[in-house]
Peer 1: 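Just dropping this structure here.
Only a predicted model underlies this, so the values are computations on that prediction, with no experimental measurement involved. Just the heavy atoms: all of them, side chains too, but no hydrogens, waters or symmetry mates, feed the values below. Whatever order the structure lists them in is the order used to number ligands and atoms, beginning at 1.
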Amino acid sequence: MMKRNVPVLDKNILHQILASSSDPILITSKDTEIIYVNPAWEKLTGYTLQEVFGKNPNILQSGKTPRIVYKSMWKALTNGRPFRSDSVVDKKKNGLEYQVRSFIYPVFKDGEVYLYVQRQHDITAEKRLEKLRRDFLSASAHELKTPITVLKLLTQSSINNAKNKSQRHLDIQELQLIDQELDRLTRLINDMLDSSRVETGRFYMVYEEIDMRGLIKETAKKIQVYAQNHTIATGNLVRAPVIADRGRLEQVLLNLLSNAVKYSPDGTTITISSSIKDTTVIVSVQDQGIGIPKNKQKIIFDRYYQVKTKSKVGFGLGLYICKEIIKRHKGKIWAASAPGHGSTFSFSLPLQTNT
Ligand code: ADP
């Protein structure tokens with residue numbers, strides 16, 4: 001029989017395995033003094049092994065972990081059983097809190113607990129998305145209900161009129177209201193469909209050569225019809241040929257413009273302009289509205305994200321879809337704002353060159 005060379009898991013090899021694990025690992029003595037942390041743990045928490053050696057892992061406590069979690073942890077560990085939880089919220093060296101999926105198990109020697117090994121997995125992002133999804137579900141149900149209630153009221157009154165053989169019919173304003181509410185429902189549903197297309201990798205663009213200047217002018221006119229209490233002005237507009245999906249770019253412009261309308265008071269002006277920078281065209285939509293705090297200016301482009309405002313409207317999907325569209329055009333999108341002093345949303349697109 002052929003003799004095979006079976007690797008020996010000596011101390012050095014085991015140490016390498018621990019050190020190379022991408023999951024953070026912390027090992028304590030049975031008296032819960034830290035005796036080892038691996039590089040992934042150092043990276044997650046910002047502490048070095050030297051800094052935490054001999055200390056109690058409670059230096060990481062944020063005060064946000066429910067007490068019951070520690071209670072059941074000690075109950076399990078003192079009985080020699082492993083413990084697992086998704087509810088531990090710890091604090092990094094820089095003070096930032098993070099949520100971990102924590103798995104702690106005792107290691108025995110001569111029948112007694114010798115040390116504890118704790119494997120962690122940072123689930124902060126996972127939990128945040130979960131919360132956004134939950135909020136999204138309730139917000140979307142609410143958003144869909146509002147237009148449906150209006151439509152229901154109008155159709156019910158029509159049915160009653162018909163039953164009573166009344167001569168009263170829906171007047172032009174009521175019909176316009178139905179039309180607007182149906183448009184709103186269609187937009188909301190389209191956003192949901194687009195978002196799901198992005199998620200399943202089926203968000204396709206159809207490219208052609210278009211001139212941004214023409215598209216901006218047309219879109220500004222379209223939005224003015226709906227935004228009768230605002231002035232939609234065009235600033236400096238440059239001729240800018242781009243290879244793009246016309247419908248999708250119009251969607252981006254409509255979204256930025258309707259957000260500008262939604263988040264700025266009646267009577268104010270919204271200005272759309274464009275300029276050339278190097279080999280790109282930059283399109284900007286500037287409003288005189290409520291503005292966006294600096295620390296929110298990036299995350300508003302995340303799926304479902306909405307800055308908490310008194311009048312919560314929409315799904316928090318519009319800017320996310322804009323970002324996905326611009327990304328597929330090899331461009332960038334960003335916001336600049338000072339609360340109370342309006343916002344400017346801009347995107348850049350590579351110019352079509354004939355070389
Ligand atoms: P929605 O408008 O449906 O909430 P969006 O993705 O379009 O979703 O926008 C995300 C968030 O960004 C909004 O909830 C709002 O708080 C903020 N926002 C977007 N545009 C503006 C703007 N022009 N001025 C102020 N805040 C804005």
Peer 1: Could you list the atoms of ligand 1 found under 4.0 angstrom from a heavy atom of Lys262?
Peer 2: 1 (P), 2 (O), 3 (O)
Peer 1: Would you say Gly291 touches ligand 1, if touching means a heavy atom closer than 4.0 Å?
Peer 2: yes
Peer 1: Strictly by modelled atom types, are Thr32 and Asn56 linked by a side-chain donor-acceptor pair under 3.5 Å?
Peer 2: yes
Peer 1: What pairs with Ser29 under side-chain hydrogen bond (donor to acceptor under 3.5 Å, both in side chains), at least two apart in sequence or on another chain?
Peer 2: Glu33
Peer 1: Below 3.5 Å, N or O to N or O, backbone or side chain included: is there any such pair between Asn259 and ligand 1?
Peer 2: yes
Peer 1: For Gly316, take its heavy atoms, then give the atoms of ligand 1 lying under 4.0 Å from any of them.
Peer 2: 1 (P), 3 (O), 4 (O), 6 (O), 8 (O)
Peer 1: For residues Ser346 and Ser284, is any side-chain donor paired with an opposing acceptor at under 3.5 Å?
Peer 2: yes
Peer 1: Quick one: which ligand 1 atoms are inside 4.0 Å of a heavy atom on Phe345?
Peer 2: 19 (C), 20 (N), 21 (C), 22 (C), 23 (N)
Peer 1: Taking the six-membered ring of Tyr98 as reference, does the cationic atom of Lys92 (NZ for Lys, CZ for Arg) lie under 6.0 Å from its centre and within 45° of its axis?
Peer 2: yes
Peer 1: If we count only N and O atoms by modelled type, under 3.5 Å, do the side chains of Asp122 and Thr124 hold a donor and an acceptor together?
Peer 2: yes
Peer 1: Quick one: list whatever passes side chain to side chain contact (heavy atoms under 4.5 Å, CB included) with Thr269, sequence neighbours left out.
Peer 2: Thr231, Ala233, Thr271, Gln288
Peer 1: Could you tell me, atom by atom, which parts of ligand 1 come under 4.0 Å of a heavy atom of Ile300?
Peer 2: 10 (C), 11 (C), 12 (O)
Peer 1: Just jot down the ligand 1 atoms closer than 4.0 angstrom to any heavy atom of Leu319, in number order.
Peer 2: 5 (P), 6 (O), 7 (O), 9 (O), 10 (C), 12 (O), 19 (C)
Peer 1: With heavy atoms of Ile292 as the reference, note each atom of ligand 1 found under 4.0 Å away.
Peer 2: 25 (C), 26 (N), 27 (C)
Peer 1: Mark yes when over 12 heavy atoms from residues, nucleotides or ligands other than Tyr226 sit less than 6.0 Å from its OH; otherwise mark no.
Peer 2: no
Peer 1: Show which atoms of ligand 1 fall inside a sub-4.0 Å distance from at least one heavy-atom site of Leu317.
Peer 2: 6 (O), 8 (O)
